[in-house]
Number of protein chains: 2
Amino acid sequence: MKTTKRKNMPPKERRDQLLGCAQILFFSKGFEDTTVQDVLDLAGVSKGGFYHHFKSKDELLFGVLDGMAEGVFSQMDLVASDETSSALKLLRSFTHLRANYLREHDYPGQVEFFRVMNQDKNLVLLEQFKRRVRTGAMPVLTRIIQKGRDDGTFNVADVDTAAELILFLSTFMDLALLRAIEARGTDTADHAARNLQAAIDMQFQTIDRILGLPDGTTDFGWPEAVDVTMATEPPPPPSIN
Amino acid sequence: MKTTKRKNMPPKERRDQLLGCAQILFFSKGFEDTTVQDVLDLAGVSKGGFYHHFKSKDELLFGVLDGMAEGVFSQMDLVASDETSSALKLLRSFTHLRANYLREHDYPGQVEFFRVMNQDKNLVLLEQFKRRVRTGAMPVLTRIIQKGRDDGTFNVADVDTAAELILFLSTFMDLALLRAIEARGTDTADHAARNLQAAIDMQFQTIDRILGLPDGTTDFGWPEAVDVTMATEPPPPPSIN
DNA sequence: CTCTTGCAAACCGACCGGCGGTCTGCAAAT
DNA sequence: ATTTGCAGACCGCCGGTCGGTTTGCAAGAG
């Protein structure tokens, strides 16, 4: 009889533990390449134990996604519930949300997270995450634009469409960001850095123009972003695992 | 001994046949849910036969993708090789490419194709396809914008970034298009149709503004697009397969 | 207060069907 | 005779199931 030792845990705790292990593995190996068994091994739990808490591997994915979205939305609620500020102030708070979050939460770690999430194998993960952020942010931004149009600050034909377009745009710089991150330490780093700055500038200039605002009204809210990004550590050379 | 009848074919023909069967299945069931065996059954060929022509299931996907991209790029080459027209004329040709293609190639069929491609299960397929189109279109659009900036027609800070942003934008209306397509025949159809028109208008207005052109310079090139779209046949009710 | 006793929740791990992919061998074509 | 196209048994692995076991805890007995 060689039954391994067993340690019961309250459901919430187990769930969180499994989600944590899954997140680590999903980020490093991608969702498709991560086996349920991988998660089990890392968490030290059995198949039966796992399927007692999760009804499928997909539920794991959604759980991880929810956890990621939580951090993003917690900041957004503050903007959403602000009833006093002007539309312009709210808009700037909104466009600064991401920069603030990045700056205050271990930026190098987030860069690496972003890099891994953008690998082909994590396409599903990334796209689902983007969708959640869009869905969650839509009502907040709509409200801001509506308010600005009502008081004449913004000049825009259709509030919902404008909000959707701006949210759509809000990931444009990510393309350049990804290239810049991957160019760190190579001889194309400077070029990529300039392109990143251009992409950031153009993204916010475009937001201004969509709303009929003078150029320079909105911005990323983090002037040193490019420099800080290029200064983060490139990942170690790929090992043969 | 019950060996089934065999019918040898030249490699090119078999490949195309398998690709055709794969496309049908990928579109209807999605890539992940389509088994290699499904393709074999539909084509009437064996595992060995299949793997004689394709080294993996992924190669099938890329093959299908290449076939799809071919049609798109054939049109683009005409614009790319036009040396005489003005930058503005070229830009309008470029923005009209998609509408022209849609109008001239069985639009209802393409609507259904678009609808299926946007289902969750086809996320990988869609994203890879978008990437290919972007990559192929980038040099063409860059050249147009460069020309327009050189002769003073366009007012833009960074040519590459502008081209990338416009290509990025060129799928914005797809969000509204998808919702409109899925609203056909329901009581929200009118609302969705208006939103689609708003999205189209805003997309091209934004392109104008990015390039410093007066509103209305670029357009989709197909005024009746929304009406025609809403008039296409909704899909039959889902069967239990 | 301690000690059974009962039981639901937590957990184990062998097992299953089906997947993508390999391999040996044969038949058709040249 | 040699090469090319193909058949189908086979393999390892994956996600998911299932019958049984262990654990924690609360209620009743002494």
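So you know, we letter chains A, B, ... as the sequences are listed, proteins then strands, and number each from 1. Predicted model, so just to flag it, every value in this text is computed and none were measured.
- Per the geometry, CG belonging to Asp41(A) stands 13 Å off C1' belonging to dG13(C), to the nearest Å.
- For the pair Gln37(A) CD and dA14(C) P, the computed distance is 11 Å after rounding to whole Å.
- Interface residues of residues 10-29 of chain A facing DNA chain C, ordered by number: Pro11(A), Arg14(A); criterion, heavy-atom separation under 4.0 Å.
- Phosphate contact (OP1/OP2 of dC19(C), side-chain N/O of Thr35(B), threshold under 4.0 Å): present.
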What protein N or O atoms touch nucleotides 21-23 of chain C N or O atoms at under 3.5 angstrom, if any, and at what distances?
residue	atom	partner	partner atom	Å
dG21(C)	OP2	Tyr51(B)	OH	3.0
dG21(C)	OP2	Lys57(B)	N	2.8
dG21(C)	N7	Lys47(B)	NZ	3.2
dG21(C)	O6	Lys47(B)	NZ	2.8

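- Across the protein-nucleic acid pair, Asp33(B) atom CG and dG20(C) atom C1' stand 15 Å apart, rounded to whole Å.
- The aromatic rings of Tyr101(B) and His105(B) lie parallel to each other, their planes meeting at an angle below 30°, with 60° marking the opposite boundary.
- Of all heavy-atom pairs between Phe204(A) and Thr95(A), the closest is CE2-CB, 3.8 Å.
- With Asn100(A) as the partner, the side-chain hydrogen bond (donor to acceptor under 3.5 Å, both in side chains) test is satisfied by one option alone out of Arg103(A), His96(A), Arg98(A): Arg103(A).
- Lys29(A) pairs with exactly one of Asn122(A), Asp38(A), Thr35(A), Thr34(A) by the side-chain hydrogen bond (donor to acceptor under 3.5 Å, both in side chains) rule, that one being Asp38(A).
- Atom-to-atom, CG of Leu40(A) to C1' of dA10(C) comes out at 15 Å; the value is rounded to the nearest Å.
- Rounded to a whole Å, the CZ atom of Phe54(A) is 15 Å from the C1' atom of dC11(C).
- Going from atom CZ of Phe31(A) over to atom C1' of dG15(D) covers 10 Å, rounded to whole Å.
- For the pair Lys57(B) and Phe31(B), the cation-pi criterion (under 6.0 Å, within 45° of the ring axis) is fulfilled.
- The side chain of His52(A) places no N or O atom within less than 4.0 Å of a non-bridging phosphate oxygen (OP1 or OP2) of dC12(C).
- His53(A) and Arg15(A) make their closest contact through O-NH1, 3.3 Å (heavy atoms, listed as atom of the first residue, atom of the second, distance).
- The two residues Ala137(A) and Phe73(A) have their closest heavy-atom pair at N-CE2, 4.2 Å.
- Look at His53(B) and you won't find any side-chain N or O under 4.0 angstrom from OP1 or OP2 of dT4(D).
- Taking the six-membered ring where tryptophan is involved, the planes of Phe54(A) and Phe50(A) are essentially parallel, since the angle between them stays under 30° and well short of 60°.
- Summarising the geometry, atom CD1 belonging to Ile200(B) is positioned 13.0 Å from atom CE belonging to Met202(B); distances are rounded to the nearest 0.5 Å.
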